[in-house]
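Structure, as C-alpha cells:
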Amino acid sequence: MKKHRILGAVAAAGMIALVATGCGRGGTADPAASDGAQEPGGSGQIVGVAMPTQQSERWIADGDNVKAQLEEMGYSVDLQYANDDIPTQVSQIENMISSGAEALIIASIDGTTLTDVLTQAGDAGIPVIAYDRLINGTPNVDYYTTFDNFQVGVQQATSLLIGMGVLDENGERTDVAGPLNVELFAGSPDDNNATFFWDGAMSVLEPLIEEGVLEVPSGQTEFEQAAILRWLPETAQDRMENILTIIGDTKLDGVLSPYDGLSIGIISALTSGGYSTDALPIITGQDAEVGSVQSIIAGEQYSTIFKDTRLLAEQAVAMVDSVLHGEEPEVNDTESYDNGEKIVPSYLLESTIVTIDNYEEVLIDSEYYTEDDLS
Ligand code: BGC
C-alpha cells in the first residue's frame, strides 16, 4: 500500500469528489494477509481499547470498528469510554493493564495526561498505539495512526472558500475580492489534533486575510481565542453568541468550524441571532456525523470532512497485530508527530471534503451510511 498524500490547498479543492484512498476497505497493513489468509492473530489475547466519549458518533463508530475487527482476528477486547473525563480514562487504562491487556489502543482525551499510567504500560512491556490523537510527553507510545490532520485543516479552509465563491470547484481563485466576513473556531487546546487542523486552515486563510479578501470582524484570529475546550457544542454556541454581540449588524459570510458538533452549536447561535436557516453563512465541519450530513442536505451546514473510521480502525488493528507478532507495523510518516519525547512513527490516512454535491457518492456508495440513515 502506498500513501497518496494530497499535496496542497489547490489539489485538495480538486479532490472534492475523491473518496479516501489510504487503503482499501478490506486492506490490512500485512501484505501477506491481503488475500484474507492471515492466521487468526489473537487466540484470546486481550487488547484494551480506550475511547474518549460516546457523546459524538464518530467515537462510537471507532470503538465498534476496532472491537469488531480485533474480535474477527481472535482477540478479546476490553473497550471503554471515559465520558470525556481524564481521571476516568486514566483509571480505565490502569484496569486494562492490571487485568492482563497485552496491547493498548488509546484515543486520549487530553494527550498530556497519560504519562504516569503509560509508564506502567511501558514497565509491563505492553505496546501502546495512539489512536487518532497523539499522546504527548511520554516515550511509552509505540505507534500512531490518524488522518493527515494538517490536510484536514487545509480541506476545511478550502471548502469554506469554495462555499463563499473565493475559489472555484477546482480550487482556482475567482474574481471575488471581498472583503468577506468570516469568524474562526478551533478545537480543544488539549487535543494535539486541534493545532494541526488550525495550522492547516490558517495556511490557506491567513494570506487572504492579509490581502483583505477576508476579514474577521471580531478581531479574534488567535488559536487561543478560537479554541473550544473539550470540543463542546454549548461552548461554541456561547462563543458565537458573544461574537454576534461584538460585531452587531455585520453580516457573516463564513464560519470556519473544525467539528460537526461545534457547527451545530454555531448554527443554533446564528439562528437565534437572526439568521434564517436558508441564509446562513458558509459553515464547515468535520466527521460527517449523521445530524450534520442531514444539515448539509437541508442546505444549512455547507461542508464536513469525512474520515473513514473503518480504515482508521483497520490501521490500528493491523499495528497491534504486527507488534504482537514481533513484526514492524507499516508506517508512512516518521517526521510530523513529535510528542516531546520522541517522533512517533505514524500511519496517516486521507480525508475527503463532503458537500451536498458528493455526499451520496462518498458516504452512501461506500456503505458508510445507508440512505435511510440520512433521511
Ligand atoms: C478528531 C476529530 C474530532 C474531534 C472531536 C479530534 O481529535 O480528530 O475527528 O472531530 O476530535 O471529537
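In each ligand, atom 1 is the first atom listed, and ligand 1 is the first ligand listed. None of these values were measured; they are calculated from a predicted model.
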Nearest 0.5 Å, please: how far is CZ in Arg133 from CG in Asn192?
10.5 Å
Under-4.0 Å salt bridge between Arg58 and Asp260:
no
Sequence-distant partners of Glu71, salt bridge (charged side-chain N to carboxylate O under 4.0 Å, His left out), two or more places apart:
Lys67
Would you check ligand 1 and list the protein residues that come within less than 4.0 Å of it by any heavy atom, ordered by chain and number?
Arg58, Trp59, Asp132, Arg133, Asp191, Asn193, Phe197, Trp231, Tyr259, Gln286, Asp287, Lys307
Audit row: Asp123, Gln120, side-chain contact (heavy atoms from CB on, under 4.5 Å) steps and yes/no:
CA-CA 5 Å; Asp123 291 348; Gln120 295 171 37; 5.7 Å; no
Glu367 bridged to Arg310 by N-O distance under 4.0 Å
no
Phe196 and Tyr337: aromatic ring centres closer than 6.0 Å?
yes
